[in-house]
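These notes concern the structure reproduced below.
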Amino acid sequence: MQAIPAAAQDAPGDIAGGRLTIDLGALAANYRKLTELSAPAETAAVVKADAYGLGIAHAVPALARAGCGTFFVAYPAEGLAVRAAAPGARIFVLSGPMSDKAATTFADAQLIPVLNSVEDIALWRRISREPAALHVDTGMNRLGVSEDEAVQFAAENTGGMAIPLVLVMSHLACADEHGHRLNRQQLNTFQHVAALFEGIDSSLANSAGIMLGADCRCALTRAGIALYGGRAANAVDNPMRPVVTAEARVLQVRGVRAGGTVGYGAAARLERDSILAIAATGYADGYQRAASGAGVPLRSAVSDGASGFVCGKRAPIVGRVSMDLIAFDVTDCGGAVAPGDWIELFGANIALDDVAEAAGTIGYELLTGLGRRYERVYVGADN
Ligand SMILES: *Cc1c(COP(=O)(O)O)cnc(C)c1O
């Protein structure tokens, strides 16, 4: 039987519509900055969802070279990818051991499950003698054993059947809001529980938690979005370097008279004679339709659509983002934009989080949804 060619996966540059340039030097610099902020705590890198869309195979070695020795993923399969990229690393799997059958996967790749429930604890005890982490819920009501269950586990986990615990962790619900009362409440509960596990490392802070203050940093911090240049804390200038630049190729440049309408639903009507650049990216590439410049319901919370960046200027999106195409208003470039040029969707000039906000979402969702049609170019690997 003949092999069926894969459809447009990671298209090469000469035929790709969009391109992602991923600056591994900026990633390494962000890691080093977070280690300074976290010190004396160790800083782990959270690389779930293929390193927030950047690609585990490239991001993990760059982080390891920058000194990162501990990684967190969501699922065991992601842990295998990290193991291949960083043979000597310590790898935690946040979603836990999953099933009895996963025991060999965890053992073979030396993955450490995060035990999130009494059932997870029983399962791990049944199938393995290997180390594990314990997740305690301190108020988020997502994953984790309760405070009472943690107390009971601390008392019972002794003798020959004891699980070799290497980490006690919890997760903050509102770390991005500095003054939120739940932060203090969760910290208090966590400190109480962590004290029951003497000599075992504790971990509470994600990226935003690192910025909350020394109390939350414990022995190990878990940095995700800030590594990738996203904004971790609201109402604070983002101190991280952008890591991902997304660009779309201009397919066509057209003049449209005032009064003309653009795109599906004729949702935008031009108020002046305009020059539009039609670029090769769309919602199928994870550039959300809700970031449209006009005519999309359910985006009423934000008034303006997103912009691109070309010829040294911001170019607003006109009309609806479609599956594979976006129209940008490049009238102010005065004819300087031509087919084959590239428009920045986000990167050094347009903040990832501004595009996300225009679409009513967060940088995390934009990054992790970027899709497989882009050419991915990795730069700065030797920094
Ligand atoms: C995703 C995740 C993190 C990383 O969060 P960021 O906000 O991206 O820094 C840390 N801890 C847990 C439990 C997570 O699920």
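Start at 1 and go down the list; that is how both ligands and their atoms are numbered. The structure displayed is predicted, hence computed values, not measured ones.
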Where ligand 1 meets [X] - atom numbers and elements under 4.0 angstrom, heavy-atom basis:
| X | result |
| --- | --- |
| Y364 | 6 (P), 7 (O), 8 (O) |
| Y52 | 1 (C), 4 (C), 5 (O), 6 (P), 8 (O) |
| R142 | 15 (O) |
| L94 | 13 (C), 14 (C), 15 (O) |

Legend entry - Residues T70 and E42: side-chain donor-acceptor under 3.5 angstrom: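 The answer is yes; a qualifying pair exists.
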
Taking side chain as C-beta onward, heavy atoms only, is [X] less than 4.5 Å from [Y]?
| X | Y | answer |
| --- | --- | --- |
| I317 | Y287 | yes |
| Y52 | V46 | yes |
| Q288 | V321 | no |

Legend entry - Nearest protein heavy atom with distance in Å, relative to atom 5 (O) of ligand 1: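 Here the closest protein heavy atom is N206 CB, 3.4 Å.
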
Inset, instruction - May I ask you to check if ligand 1 and I225 share an N or O to N or O distance below 3.5 Å? - result: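 Yes; at least one N/O pair falls below 3.5 Å.
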
Legend entry - A208, any N or O under 3.5 Å of ligand 1 N or O: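 Between A208 and ligand 1 (N or O atoms, distance only) the closest approach is not under 3.5 Å.
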
Inset, instruction - Give the single entry among S207, A45, S95 that approaches atom 9 (O) of ligand 1 most closely by any heavy atom. - result: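 Comparing heavy atoms across S207, A45, S95, the nearest one to atom 9 (O) of ligand 1 lies in S207.
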
Legend entry - The one among R222, H171, K48, M169 that brings a heavy atom closest to atom 15 (O) of ligand 1: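 Residue with the shortest heavy-atom distance to the ligand atom: K48.
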
Which segment of [X] sits under 4.0 Å of ligand 1 when only heavy atoms are counted:
| X | result |
| --- | --- |
| H135 | neither |
| F72 | neither |
| V46 | side chain |

Inset, instruction - Determine, for R272 against D332, whether the closest basic-nitrogen to carboxylate-oxygen distance falls under 4.0 angstrom. - result: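 Judged by the 4.0 Å cut-off on N to carboxylate O distance, R272 and D332 do form a salt bridge.
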
Legend entry - Derivation of the side chain to side chain donor-acceptor pair (under 3.5 Å) call for D148 and S146: CA-CA 5 Å; D148 287 348; S146 70; 5.3 Å; no

Legend entry - ILVMFWY network linking L123 to M98, side-chain heavy atoms under 4.5 angstrom: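 No, no single cluster joins them.
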
Inset, instruction - Take L172 and L182 through the test side-chain contact (heavy atoms from CB on, under 4.5 Å) and record every step on the way to the result. - result: CA-CA 8 Å; L172 295 165; L182 201 50; over 6 Å; no

